[in-house]
Q: 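Here it is: the structure, laid out below.
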Amino acid sequence: MSGLTFTKLSVGPMDNNAYLLTCTATGDSMLIDAANDAERLLQLIATAPSGISTVVTTHRHQDHWFALEDVIEATGAASLAHPADAPEIPTATGTLNDGDTIPLGDCNLTVIHLVGHTPGSIALYHDGHLWTGDSLFPGGVGNTRGDKANFESLLNDVTTKLFDRFPDDTEFHPGHGKDSTLGAERPSLAEWRARGW
């Protein structure tokens, strides 16, 4: 991945993944999902050359922002989320829409809005890597709690905005658990649609 490094940290009782992204040229850093355990997250952030400028929350479920207020208070970072979810996320200071870019030093991350797990779920993309929150996992899309319309929306968005857009070697990094590639999951899309979850 050109220009960007990242560190993944699993925190909290639901094993949420938080990600620290750093521009290799400038040292600028940001955090994706201040999920839990502010102390450990702040220890991770302390390894960044100049702290963090931004925290992006992938969606409004509390397990992804439980430590957000403490992290924002300690770092002074901006707190960004999609406007459909931001009202339920504490200390959101700005919003992100589909197609927006987030500058990080010499790098840019693209915001991709994926509707279904929540109304305002987002993924971020940079140079062959996707951070997908709870919208895409190895083995399926995120939980839509038996709501057929939400499932169809999420699977359609994941199919058209991720699988139809990016090549098989694109790596994705979900909100819980292990990473995968679009190529590893692509053959299962029809199976996911048929099973309905």
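Values below: all heavy atoms of this structure, side chains included; hydrogens, waters and symmetry mates excluded. Each residue takes its place number in the sequence, starting with 1.
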Q: Output yes when a side-chain donor or acceptor of Asp157 lies under 3.5 Å from a complementary backbone atom of Val115, and no otherwise.
A: yes
Q: Could you tell me whether a side-chain N or O of Ser79 sits under 3.5 Å from a main-chain N or O of Thr91, the two making a donor and an acceptor?
A: yes
Q: Taking side chain as C-beta onward, heavy atoms only, is Asp85 less than 4.5 Å from Thr57?
A: no
Q: Quick check: does any side chain N or O of Asn36 sit under 3.5 Å from a backbone N or O of Phe66, one acting as donor and the other as acceptor?
A: no
Q: Under the side-chain contact (heavy atoms from CB on, under 4.5 Å) criterion, do His82 and His59 qualify, and how do the steps go?
A: CA-CA 8 Å; His82 190 275; His59 63 287; over 6 Å; no
Q: How close do Asn97 and Asp100 get, heavy atom to heavy atom, and via which atoms?
A: N-OD2, 2.7 Å
Q: Check the orientation of Trp131 and Tyr19. Use parallel for under 30°, tilted for 30 to 60°, and perpendicular for over 60°.
A: perpendicular
Q: Please tell me if the side chains of Val56 and Leu31 come closer than 4.5 Å, counting only heavy atoms from C-beta onward.
A: no
Q: Taking all non-hydrogen atoms of both residues, which atom of Leu20 and which atom of Ala48 are closest, and how far apart?
A: CD2-CB, 4.3 Å
Q: Taking Asp147 for the side chain and Thr144 for the main chain, is one N or O donor matched with an acceptor at less than 3.5 Å?
A: no
Q: Could you grab the distance from atom CG of Leu4 to atom CG of Asp127, nearest 0.5 Å is fine?
A: 8.5 Å
Q: Checking Leu124 against Met30 for the side-chain contact (heavy atoms from CB on, under 4.5 Å) test, could you report, in this order, the C-alpha distance in whole Å, the side-chain angles of both residues, the deciding distance, and whether it holds?
A: CA-CA 12 Å; Leu124 301 179; Met30 63 176 282; 4.0 Å; yes
Q: Could you tell me if the side chain of Trp65 sits less than 4.5 Å from the side chain of Glu88, heavy atoms only?
A: no
Q: Is it true that the side chains of His176 and Asp15 contain a donor and an acceptor less than 3.5 Å apart?
A: no
Q: Is there a donor-acceptor pair closer than 3.5 Å between any side-chain N or O of Asp169 and the backbone N or O of Gly183?
A: no
Q: What class does the angle between the rings of His129 and Phe6 fall in, given that below 30° is parallel, 30 to 60° is tilted and above 60° is perpendicular?
A: perpendicular
Q: Do you know which two heavy atoms are closest between Thr95 and Ala86, and how far apart they sit?
A: CG2-CB, 4.1 Å
Q: Sub-3.5 Å donor-acceptor pair from the side chain of Ser153 to the main-chain atoms of Ala149, do we have one?
A: no
Q: Does Leu182 reach the side chain of Leu136, with side-chain heavy atoms less than 4.5 Å apart?
A: yes
Q: Contact between Thr7 and Thr22 at the side-chain level, heavy atoms closer than 4.5 Å - yes or no?
A: no
Q: Could you check whether any side-chain heavy atom of Leu104 comes within less than 4.5 Å of a side-chain heavy atom of His126, counting everything from C-beta outward?
A: no
Q: When you measure from the side chain of Asp28 to the backbone N and O of Ser53, does any donor-acceptor pair fall under 3.5 Å?
A: no
Q: Under the 3.5 angstrom rule, does the side chain of His113 hit a backbone N or O of Pro119 as a donor-acceptor pair?
A: yes
Q: Does Ile32 belong to the same Ile/Leu/Val/Met/Phe/Trp/Tyr cluster as Val71, with side-chain heavy atoms less than 4.5 Å apart forming each link?
A: no
Q: Any side-chain heavy atom of His117 sitting closer than 4.5 Å to one from Thr58?
A: no
Q: For a quick test of reading the model, state the closest non-hydrogen atom pair linking Gly3 to Cys107 and the distance between them.
A: O-SG, 3.0 Å
Q: Is it the case that one hydrophobic cluster holds both Val11 and Ile72, taking links as side-chain heavy atoms less than 4.5 Å apart, direct or via other members?
A: yes
Q: May I ask you to test the Ile45-Ser29 pair for a side-chain heavy-atom distance under 4.5 Å?
A: no
Q: Grouping I, L, V, M, F, W and Y whenever their side-chain heavy atoms are under 4.5 Å apart, do Leu109 and Ile122 come out in a common cluster?
A: yes
Q: Quick check against the 3.5 Å criterion: does Thr181 have a side-chain atom that pairs as donor or acceptor with the backbone of Ala184?
A: yes
Q: Rounded to the nearest 0.5 Å, how far apart are OG1 of Thr132 and CG of Leu114?
A: 8.5 Å
Q: Short question: side chain of Glu171, backbone of Leu130 - any donor-acceptor pair under 3.5 Å?
A: no
Q: Should Leu154 and Leu189 be regarded as members of a common hydrophobic cluster, given that ILVMFWY residues are connected when their side-chain heavy atoms come within less than 4.5 Å of each other, either directly or indirectly?
A: yes
Q: Which is it for Asn17 and His173 under the side-chain contact (heavy atoms from CB on, under 4.5 Å) test, yes or no, and what are the steps along the way?
A: CA-CA 9 Å; Asn17 294 327; His173 314 287; over 6 Å; no
Q: Any luck finding a side-chain donor-acceptor pair between His64 and Asp134 under 3.5 Å?
A: yes
Q: Cluster question for you: counting only ILVMFWY and a side-chain heavy-atom cut-off of under 4.5 Å, with indirect links fine, are Phe137 and Leu162 together?
A: no
